A.B. asks: 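Got a structure for you, questions after.
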Amino acid sequence: MRWRWWEEEKYEDGIKWKFLEHKGPVFAPPYIPLPKDIKFYYDGKTLSLSPQTEEVASFFAKMLDHEYTTKDIFRNNFFIDWRKMTLEERMVITDLAKCDFTEMFTYYKGKMEEKKNRTKEEKLKLKEENEKLVQEFGFCIMDHHREKIGNFKIEPPDLFRGRGDHPKQGMLKKRILPEDVIINCSKDSKIPEPPSGHKWKEVRHDNTVTWLASWTENIKGSVKYIMLGANSKLKGEKDWEKYEIARKLKNHVEKIRRTYRENFKSKEMKVRQRAVALYFIDKLALRAGNEKEEGETADTVGCCSLRVEHIKLYPELDGQKYVVEFDFLGKDSIRYYNKVPVEKKVFKNLQLFMENKQEGDDLFDRLNTPLLNKHLQLLMEGLTAKVFRTYNASITLQQQLAELTDSDDSIPGRILSYNRANRAVAVLCNHQRAPPKTFEQSMSNLKAKIDARKEQISLTKKELKEAKKEVKENESEKLKKVVESKKKAILRAEEQLMKLEVQATDREENKQIALGTSKINYLDPRISVAWCKKWNVGLEKIYNKTQRDKFAWAVDMTDTDFVF
DNA sequence: TCCAGGACTTGTTCCTATAGCG
DNA sequence: CGCTATAGGAACAAGTCCTGGA
């Protein structure tokens, strides 16, 4: 019997746990210096580096075949941080272009190759050792239950790989020591031991937070945490709450939509901007768009931080009226490009907001996310901008499933319908992916397979005909058996063909769409569980092991008739 | 009221284990 | 049974939103 935490009473306000015991985080392995015969060359001459300098150089050397090392910002940032080397070294090494890391690069490539070519026994041994580590450090005790930790290893030192045009890419992400780490656990628990010769920065006992350990990272100065895994009570409960708030929005959304439409006409510019922004967030599932510190991160935006340069207005386009063209970089510098017809009042308002503004000016200059969220809080308790994304994603899945699922369909057909519904959500949320590098190849492989199967079927059909003819002429038991087996073979092959064809369709449609993110973060799992039960589809066709684990609460509490 | 820091969720990328193939 | 494409999972970056202190 699974621990049904969702049937237990919750703690008083703000208290996350009563007992917490763990072993602390696992630190990155120490740097292993290069063998003597692996040389670094500066300006064509060998130059031996101090261990610390060599370590940082190795981070760069390992990445030599990565696009990052061709980017100026990355190279410059790396070079600045690398040159915090010994004085003697700094005197010599003044130009990155004169640095030759290729021997180091080749050495590490070889190491990787070795790793790949390990024997079964070696691999098994490594696996067992890793399992031991997980058993020791990968779990904690929280309130009488052994729970999995999501990330018990401290991030190793490396060069920072910011996404998009990140101004800090290439900077050295420093090695974290116990002296940097704050431990959080309960007073009456066994306090984790720091590695020998070391001390923790601090040990605290704060049961209003969920983290077990934290440290401050040196790139942005933000705090990083060791937290529980997604299948833990703590995370599961939060997830459940998230979907319950989204379901609550279902009962308020019509009124909220009436209100913001009303507000399109407000005398106050602030109110109009808020209304139009909310319209976008609701209709297009845009993110809130917090303000960001300039120069600290890549230049990306969300709804409230959109600038004039990010939209174009077309009174008429391709036969449609009042079209807005969005083109901006969102989270992770993923491009959002969309042409959407909008209500006339929205269009007119946008024209108004853009009057006398430059490309780089804020579209919603009287609005920011705290202002928007404060307003939303008034409309419904617990409502924030991101709830609309959850709500619209989940409700879309439910609608699409209802629309697409056909009771006449085979199981693979139903799964295709599910994936299509999932896809509709991923498109809404702009969860794109680059088409896999081998996409065309694997697609044509699949097509070839389909053709082969078709060929086989028609051949077997011919053979069946022949066999039937022979039976007519000569009624032997043996021949009758042949006929039967041919029939069966055809049936089997046809089923396989159908499966392959469904697979091909699914893959083609999924070329540029990533389903995972929405499945894990936006779709109320109870919708999927109910659908699987209703249509007799195994849950494992929809969720893999990790996902089933994470959504265990939904599996246990959901009936066929669940409605989001 | 404003802002910075803090806590937690969401998102992509990269590596690896494994399923499915011949 | 070995090979390879792919799914799964770890890692970690990048968002959202809240809080507490000036």
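The structure displayed is predicted, hence computed values, not measured ones. Values below: all heavy atoms of this structure, side chains included; hydrogens, waters and symmetry mates excluded.
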A.B. asks: Compare side-chain N and O positions of A:K173 against OP1 and OP2 of C:dA13 and report whether any pair is under 4.0 Å apart.
C.D. replies: yes
A.B. asks: Judged by atom type as modelled, is there a donor-acceptor pair below 3.5 Å linking the side chain of A:D524 to the main-chain atoms of A:R526?
C.D. replies: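 Yes, the answer is positive, given that a donor and an acceptor are paired below the 3.5 Å cut-off.
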A.B. asks: Do the side-chain N or O atoms of A:N544 get closer than 4.0 angstrom to the phosphate oxygens (OP1, OP2) of C:dG8?
C.D. replies: yes
A.B. asks: Is it the case that B:dT10 (base atoms only) and A:K331 (side chain only) share a donor and an acceptor within less than 3.5 Å, ignoring hydrogens and angles?
C.D. replies: yes
A.B. asks: How many Å lie between OH on A:Y522 and P on C:dT16, as a whole number?
C.D. replies: 9 Å
A.B. asks: Please work out if A:R287 contacts a base, only the sugar-phosphate, or nothing of the nucleic acid, heavy-atom cut-off 4.0 Å.
C.D. replies: sugar-phosphate
A.B. asks: If the cut-off is 4.0 Å, is A:N151 near the phosphate of C:dA11, judged by side-chain N/O to OP1 or OP2?
C.D. replies: no
A.B. asks: Report yes if at least one side-chain N or O of A:K386 is closer than 4.0 Å to OP1 or OP2 of B:dT10; otherwise report no.
C.D. replies: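 Result: yes.
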A.B. asks: Both A:V387 and A:I154 contact DNA chain C. Which one's nearest nucleotide lies toward the 5' end?
C.D. replies: A:I154
A.B. asks: Under 4.0 Å, counting only non-hydrogen atoms across every strand here, what does A:T297 touch: a base, just sugar-phosphate, or nothing?
C.D. replies: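 Nothing, no heavy atom under 4.0 Å.
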A.B. asks: Report yes if at least one side-chain N or O of A:H66 is closer than 4.0 Å to OP1 or OP2 of B:dT13; otherwise report no.
C.D. replies: no
A.B. asks: Give one of base, sugar-phosphate or nothing for A:T384, where a contact means two heavy atoms less than 4.0 Å apart.
C.D. replies: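 Result for A:T384 = sugar-phosphate.
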A.B. asks: So, does A:K292 get its side chain near the phosphate of C:dG15, meaning an N or O under 4.0 Å from OP1 or OP2?
C.D. replies: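 For C:dG15, OP1 or OP2 has a side-chain N or O of A:K292 closer than 4.0 Å.
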A.B. asks: Which nucleotide sits closest to the side chain of A:A288: B:dT18, B:dG11, C:dC17?
C.D. replies: C:dC17
A.B. asks: Check the pair A:E268 / A:R366 against salt bridge (Lys or Arg N to Asp or Glu O under 4.0 Å), numbers first and verdict last.
C.D. replies: CA-CA 10 Å; A:E268 266 188 279; A:R366 307 285 171 84; over 6 Å; no
A.B. asks: Under 4.0 Å between a side-chain nitrogen and a carboxylate oxygen: does that hold for A:D332 and A:R163?
C.D. replies: yes
A.B. asks: Return the nearest nucleotide to the side chain of A:K224; candidates are C:dA13, B:dC8, B:dG11.
C.D. replies: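 Nucleotide nearest to A:K224's side chain: C:dA13.
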A.B. asks: Can you tell which of B:dG6, C:dC17, B:dG11 lies closest to the side chain of A:V223?
C.D. replies: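 For the A:V223 side chain, the nearest candidate turns out to be B:dG6.
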A.B. asks: Could you pull out every donor-acceptor pair under 3.5 Å between side chains of residues 125-136 of chain A and any protein atom, sequence neighbours left out?
C.D. replies:
| residue | atom | partner | partner atom | Å |
| --- | --- | --- | --- | --- |
| A:E131 | OE2 | A:Q135 | NE2 | 2.9 |
| A:Q135 | OE1 | A:R146 | NH2 | 2.8 |

